[in-house]
Amino acid sequence: MNLRKAVIQDINKILLLCKEQFQVMADLQPYLNQNGEQDKMFIESIITDLNSDIFIAEEADEIIGFISVFEKETSDFSFRVKRRYAYVMDIIVTKGFRGNGIATKLMLMAKNWATEKDLEYIELTVLANNSAKAFYEKIGFEDTVHTMICRL
């Protein structure tokens, strides 16, 4: 397995994994999520912007996982402590390769990226009923906010 920073030529393969991720989200929360396509220009912007990156895991020329990470700043509210942090928007390992430590290695790449940028922490959002929550807790993430809905 090879781990590296994504390049423009990887976009179509990344889009296939996005489709798989959207299916998982739709299966977990069909009330809130549905199958969809990620915007190609959005993926390109992550790869080309200096404040974001995508790291990929590949096996035999196929992308089997990726993580997208962005540099962010806390909201400009007087009660918030001003911080620069990394935000992981997406992390996915394709079915059949899960449970082999790939997500851990991708997260380590994101942590190294954030450390090199002198960011203070990494934040991510996970669906409440996603089994990946246990993985995030295992590697040091902790709950800070819960978003709740009330169906009408």
Side-chain angles (χ1 to χ4, degrees), residues 1-76 83-141 143-145 147 149:
M1 178 186 60
N2 183 40
L3 297 166
R4 63 176 174 82
K5 191 186 295 191
V7 293
I8 296 297
Q9 293 80 5
D10 296 319
I11 291 176
N12 288 332
K13 291 179 181 180
I14 291 169
L15 289 171
L16 290 174
L17 275 180
C18 289
K19 191 170 181 72
E20 183 177 338
Q21 181 180 30
F22 293 161
Q23 178 63 56
V24 168
M25 293 170 62
D27 291 345
L28 287 171
Q29 291 184 340
Y31 177 74
L32 298 172
N33 300 298
Q34 61 185 1
N35 287 329
E37 303 277 333
Q38 183 58 274
D39 180 61
K40 189 174 189 172
M41 296 298 288
F42 178 66
I43 298 298
E44 182 177 337
S45 72
I46 299 170
I47 293 170
T48 59
D49 191 299
L50 295 176
N51 294 319
S52 59
D53 267 311
I54 295 176
F55 298 100
I56 62 170
E58 60 185 352
E59 183 80 36
D61 246 5
E62 288 302 313
I63 296 176
I64 57 172
F66 79 87
I67 188 169
S68 61
V69 62
F70 299 79
E71 183 176 339
K72 299 271 190 179
E73 271 191 16
T74 51
S75 302
D76 203 16
R83 301 270 191 234
R84 289 177 47 249
Y85 64 98
Y87 182 76
V88 169
M89 179 175 286
D90 296 300
I91 180 169
I92 184 164
V93 174
T94 192
K95 209 172 195 173
F97 287 91
R98 296 176 188 155
N100 294 315
I102 297 167
T104 302
K105 291 174 182 169
L106 288 168
M107 189 61 77
L108 182 58
M109 291 183 82
K111 284 182 178 181
N112 290 338
W113 180 89
T115 300
E116 288 172 11
K117 291 183 165 288
D118 200 29
L119 304 178
E120 297 186 52
Y121 60 88
I122 296 179
E123 180 178 303
L124 58 80
T125 304
V126 61
L127 299 180
N129 57 338
N130 190 336
S131 61
K133 188 172 184 244
F135 162 71
Y136 298 130
E137 291 169 343
K138 181 180 173 183
I139 62 171
F141 283 80
D143 281 334
T144 58
V145 174
T147 299
I149 66 168

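Numbering of residues begins at 1 and proceeds along the displayed sequence.
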- request: Hey, could you give me the CE/CG distance between Met109 and Leu3, rounded to the nearest 0.5 Å?
  value: 5.5 Å

message: Just so I know, are the side chains of Lys72 and Asn51 near enough to count as touching, which here means a heavy-atom distance under 4.5 Å?
response: no

message: Check whether Lys13 reaches the backbone of Asp61 with its side chain - one donor and one acceptor, N or O, closer than 3.5 Å.
response: yes

message: Is it the case that the side chain of Glu20 and the backbone of Lys95 share a donor-acceptor pair, with hydrogens and angles ignored and the cut-off at 3.5 Å?
response: yes

field: Contact summary for Val93 and Ala103, nearest pair of heavy atoms
entry: CG2-N, 3.8 Å

message: I'd like to check the side chain to side chain contact (heavy atoms under 4.5 Å, CB included) partners of Leu16; sequence neighbours left out, ordered by chain and number.
response: none

message: Can you confirm whether the side chains of Glu116 and Asn112 place a donor and an acceptor under 3.5 Å from each other?
response: no

query: For Glu73, what residues pass the side chain to side chain donor-acceptor pair (under 3.5 Å) criterion, not counting sequence neighbours?
result: Lys82

query: About how many Å separate CD1 of Ile63 and CG of Leu15, when rounded to the nearest 0.5 Å?
result: 9.5 Å

task: With sequence neighbours excluded, tell me which residues meet side chain to side chain donor-acceptor pair (under 3.5 Å) with Arg83.
output: Glu120

Flag side-chain contact, heavy atom, 4.5 Å: Ile149 against Leu32: yes

Qualifying side chain to side chain donor-acceptor pair (under 3.5 Å) pairs, either residue in residues 99-109, two or more places apart: none

query: Once the angle between the rings of Phe55 and Trp113 is folded into 0 to 90°, is it parallel (under 30°), tilted (30 to 60°) or perpendicular (over 60°)?
result: perpendicular

query: Side chains of Gln38 and Ile14: closer than 4.5 Å at any heavy-atom pair?
result: no

Indicate every side-chain donor-acceptor pair of residues 123-130 with a distance under 3.5 Å to a residue at least two apart or in another chain.
residue	atom	partner	partner atom	Å
Thr125	OG1	Tyr87	OH	2.9
Asn129	OD1	Gln29	NE2	3.4
Asn129	ND2	Leu28	O	2.8
Asn130	OD1	Ala132	N	2.9

field: Audit row: Ile91, Tyr136, side chain to side chain contact (heavy atoms under 4.5 Å, CB included) steps and yes/no
entry: CA-CA 11 Å; Ile91 180 169; Tyr136 298 130; 2.9 Å; yes

Sequence-distant partners of Asp90, salt bridge (Lys or Arg N to Asp or Glu O under 4.0 Å), two or more places apart: none

- request: Check the pair Lys40 / Asn12 against side chain to side chain contact (heavy atoms under 4.5 Å, CB included), numbers first and verdict last.
  value: CA-CA 8 Å; Lys40 189 174 189 172; Asn12 288 332; 3.4 Å; yes

query: So how far is it from Ser45 OG to Asp39 CG, rounded to the nearest 0.5 Å?
result: 8.0 Å

- prompt: What residues, two or more places apart in sequence or in another chain, satisfy side chain to side chain donor-acceptor pair (under 3.5 Å) together with Asn2?
  reply: Glu58

- request: Please identify each residue that fulfils salt bridge (Lys or Arg N to Asp or Glu O under 4.0 Å) with Asp143, with sequence neighbours left out.
  value: Lys133

Spacing of CZ belonging to Phe66 relative to CG belonging to Leu106, to within rounding of 0.5 Å: 9.5 Å

- request: Look up atom CD in Glu62 and atom OG1 in Thr94, then write down how far apart they are to the nearest 0.5 Å.
  value: 9.5 Å

statement: Ala86 and Ala114 have their tightest heavy-atom pair at CB-CB, 3.8 Å

- line: salt bridge (Lys or Arg N to Asp or Glu O under 4.0 Å) filter on Lys5, not counting sequence neighbours, yields Asp53

message: Do Phe70 and Ile46 have side chains that approach each other closer than 4.5 Å (heavy atoms only, starting at C-beta)?
response: yes

- prompt: Can you name the residues that form a side chain to side chain contact (heavy atoms under 4.5 Å, CB included) with Ile8, not counting sequence neighbours?
  reply: Ile11, Glu44, Ile47, Thr48

- request: I would like to know whether Phe141 and Met107 meet side chain to side chain contact (heavy atoms under 4.5 Å, CB included); could you show each step before the answer?
  value: CA-CA 11 Å; Phe141 283 80; Met107 189 61 77; 4.0 Å; yes

message: Suppose we screen for ring-ring contact (aromatic ring centres under 6.0 Å, His included). Which residues come up paired with Phe97, at least two apart in sequence or across chains?
response: none

task: Sequence neighbours left out, what passes ring-ring contact (aromatic ring centres under 6.0 Å, His included) with Phe42? Give chain and number order.
output: none

- prompt: How long is the gap from CD1 on Ile56 to CD1 on Ile64, to the nearest 0.5 Å?
  reply: 10.0 Å

query: Is there side-chain contact between Asp27 and Gln23, with heavy atoms separated by less than 4.5 Å?
result: yes

